[in-house]
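Nothing here was measured: the structure is a model prediction, and the numbers come from that model. Positions are given from 1 along the sequence.
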Amino acid sequence: MSAIVGKRHLGSILFARVIMLEVMGMQQSSIYLEPDPLGILNHDGIRWAVLLLHGFTAGPDSVLPWGQALSKAGATVRIPLLTGHGTNVADLARTKAGRWRTDVQQELDTLLAGPYDAVAVGGLSMGGALALDAAAHRPVNATFVVNPALSFKVSDRLGVFLSPLVHRLVPTVGPLAGDVNKPGVSESAYDRTPVPAVQQLAQLFRTTRSNLSRIDSPVTLYVSRTDHIVPRSSARFLERHLDPDLFDKLVLENSYHVATLDHDAEMIHHDSVAKLSAMSGGHREP
């Protein structure tokens, strides 16, 4: 009898955890931005499309200002909501790394088949890892990554290693978003992180790192001097494994991890537009 009661009690606990995961949600959706016909990128007659990718547990809003700057410059911009995001934590807990990669590759395939002369991809954090993975598998013209996540901090690695064993007892941990230096600015993201999704994030890191050598188009890295989420080892690994002739790095002195919403966001906007303009045959400075 006690065993039956124990099973019922455990079932109640697990059911309560499912309910808890379901209510910890947020609402965001994919974003499509039309190009400004008077933007600098249109002066050279090259039709650019840019795919921008948000970070883990967050959503399109985290890269929206960047997308708006590119759109104003004359690019068509697509910011998809990645599977498991923008709804609730339970959805993210059920999502596999392969699904995120497929999301991105399908979005890129649509742009590559569209009426564009050139296509670029960019991303923040996990979105940066996905952008790099996409550049290794699709013929993009340029890649821009902001504090891309390719590894975990040393202090987090034991927890990641043990996550397959403990995720039923500890289904979620604290948030991995909101690292912004600029006062009054916040990142819209889940307030809990599902442990099963962290396992999938680790898988994405391994896949992306193994394919970096396949990238054959320019990559720009924007890396914050201070980042409380992603370790510096991610940037160092990226720099070591890309063709130096295709790699450029800008250090962001006044921003934390979510630099797309931080003090140096305009530097990212200015530089990425300038690089696209230069690739179109225009002037370096927009």
Side-chain angles (χ1 to χ4, degrees), residues 48-56 63 66 70 75 82 97-98 100-105 107-109 111-112 118-154 157 201-227 229-253 255-260 264-265 267-280 284:
W48 277 97
V50 182
L51 182 68
L52 291 183
L53 306 168
H54 64 77
F56 185 61
V63 292
W66 189 9
L70 290 164
L82 298 171
W100 297 325
R101 297 180 65 227
T102 299
D103 286 348
V104 174
Q105 291 175 10
E107 291 282 352
L108 266 182
D109 287 342
L111 294 179
L112 289 166
V119 175
V121 61
L124 164 68
S125 193
M126 180 187 82
L130 286 166
L132 292 165
D133 177 71
H137 293 89
R138 295 294 187 273
V140 299
N141 298 91
T143 304
F144 302 94
V145 291
V146 181
N147 295 318
L150 296 175
S151 60
F152 293 99
K153 293 188 295 184
V154 173
R157 290 175 188 170
L201 194 61
Q203 177 61 53
L204 174 63
F205 292 172
R206 290 191 291 270
T207 300
T208 303
R209 290 196 303 262
S210 67
N211 287 312
L212 289 176
S213 62
R214 300 178 59 175
I215 297 176
D216 58 4
S217 56
V219 175
T220 300
L221 166 67
Y222 305 104
V223 58
S224 296
R225 182 76 68 184
T226 302
D227 187 330
I229 304 295
V230 170
R232 293 302 295 270
S233 58
S234 286
R236 290 195 295 266
F237 188 93
L238 181 61
E239 188 167 3
R240 287 199 305 268
H241 290 82
L242 290 180
D243 183 338
D245 293 332
L246 298 174
F247 179 76
D248 191 22
K249 178 174 73 172
L250 276 76
V251 177
L252 309 175
E253 299 288 351
S255 298
Y256 293 163
H257 181 65
V258 190
T260 49
D264 296 305
M267 181 185 299
I268 297 170
H269 304 167
H270 183 278
D271 184 76
S272 55
V273 170
K275 283 188 167 68
L276 296 184
S277 178
M279 293 180 68
S280 302
R284 176 69 177 178

Gap separating the CG atom of D271 from the CZ atom of F144, nearest 0.5 angstrom: 7.0 Å

Establish, from distance only, whether the side-chain atoms of S255 and S224 form a donor-acceptor pair under 3.5 Å. no

Can any side-chain N or O of H54 pair as donor or acceptor with the backbone N or O of V63 at less than 3.5 Å? no

Kindly compute the distance separating CG (N147) from CG (L150), expressed to the nearest 0.5 Å. 11.0 Å

For W66, enumerate each residue passing the side chain to side chain donor-acceptor pair (under 3.5 Å) test, keeping only those at least two apart in sequence or located in another chain. S272

Closest non-hydrogen atom pair, L204 against W100: CD2-CE3, 4.4 Å

Name the atoms and distances for all side-chain donor-acceptor pairs under 3.5 Å in residues 131-142, with sequence neighbours left out.
residue	atom	partner	partner atom	Å
D133	OD1	R101	NE	3.3
D133	OD1	R101	NH2	3.3
D133	OD2	R101	NE	2.9
H137	ND1	D133	O	2.7
H137	NE2	R214	NH1	3.4
R138	NE	D109	OD1	2.6
R138	NH2	Q105	OE1	3.4
R138	NH2	D109	OD2	3.3
N141	OD1	V119	N	2.9

Checking R225 now: which residues fulfil salt bridge (Lys or Arg N to Asp or Glu O under 4.0 Å) with it, not counting sequence neighbours? E253

Please find the pair of heavy atoms, one from S234 and one from P148, that lie closest to each other, and give the distance. CB-O, 3.4 Å

Worked verdict on V50 versus L111 for side-chain contact (heavy atoms from CB on, under 4.5 Å): CA-CA 8 Å; V50 182; L111 294 179; over 6 Å; no

In terms of heavy-atom contacts, I229 and D227 come closest through N-OD1, 2.8 Å

How long is the gap from OG on S151 to CZ on R206, to the nearest 0.5 Å? 12.5 Å

Passes side-chain contact (heavy atoms from CB on, under 4.5 Å), L82 versus V104? Steps please. CA-CA 8 Å; L82 298 171; V104 174; 4.0 Å; yes

Close side-chain approach of L238 to L221, heavy-atom, < 4.5 Å: yes

Side chain to side chain donor-acceptor pair (under 3.5 Å) involving T260 - partner list, sequence neighbours excluded: none

If you measure only the distance, is there a donor-acceptor pair under 3.5 Å linking the side chains of Y222 and D264? no

If a pair satisfies salt bridge (Lys or Arg N to Asp or Glu O under 4.0 Å) and one of its residues is in residues 118-131, list it, with sequence neighbours excluded. none

Looking only at heavy atoms, the pair that brings F237 and H241 closest together is O-ND1, 2.8 Å

L250 and T220: which non-hydrogen atoms are nearest, and at how many Å? CD1-CG2, 4.3 Å

Go through the steps to decide whether V121 and L53 satisfy the test side-chain contact (heavy atoms from CB on, under 4.5 Å), and finish with yes or no. CA-CA 8 Å; V121 61; L53 306 168; 4.1 Å; yes

Within the structure provided, determine whether S280 and W48 are in side-chain contact (heavy-atom separation under 4.5 Å). yes

Would you mind reporting whether L130 and D103 have side-chain heavy atoms less than 4.5 Å apart? no

Less than 4.5 Å apart, side chain to side chain, heavy atoms only: is that true for L124 and L52? no

Residue pairs passing the side-chain hydrogen bond (donor to acceptor under 3.5 Å, both in side chains) test with at least one member in residues 122-132, sequence neighbours excluded, are S125-H257

Can you tell me if S277 uses its side chain to pair, donor with acceptor, with the backbone of V273 under 3.5 Å? no

Roughly how far, to the nearest 0.5 Å, is CZ of F205 from OG of S210? 13.5 Å

Heavy atoms, side chains only, cut-off 4.5 Å: are V219 and D248 in contact? no

Would you name the heavy atoms of N211 and T207 that are closest together and state the gap between them? ND2-O, 3.0 Å

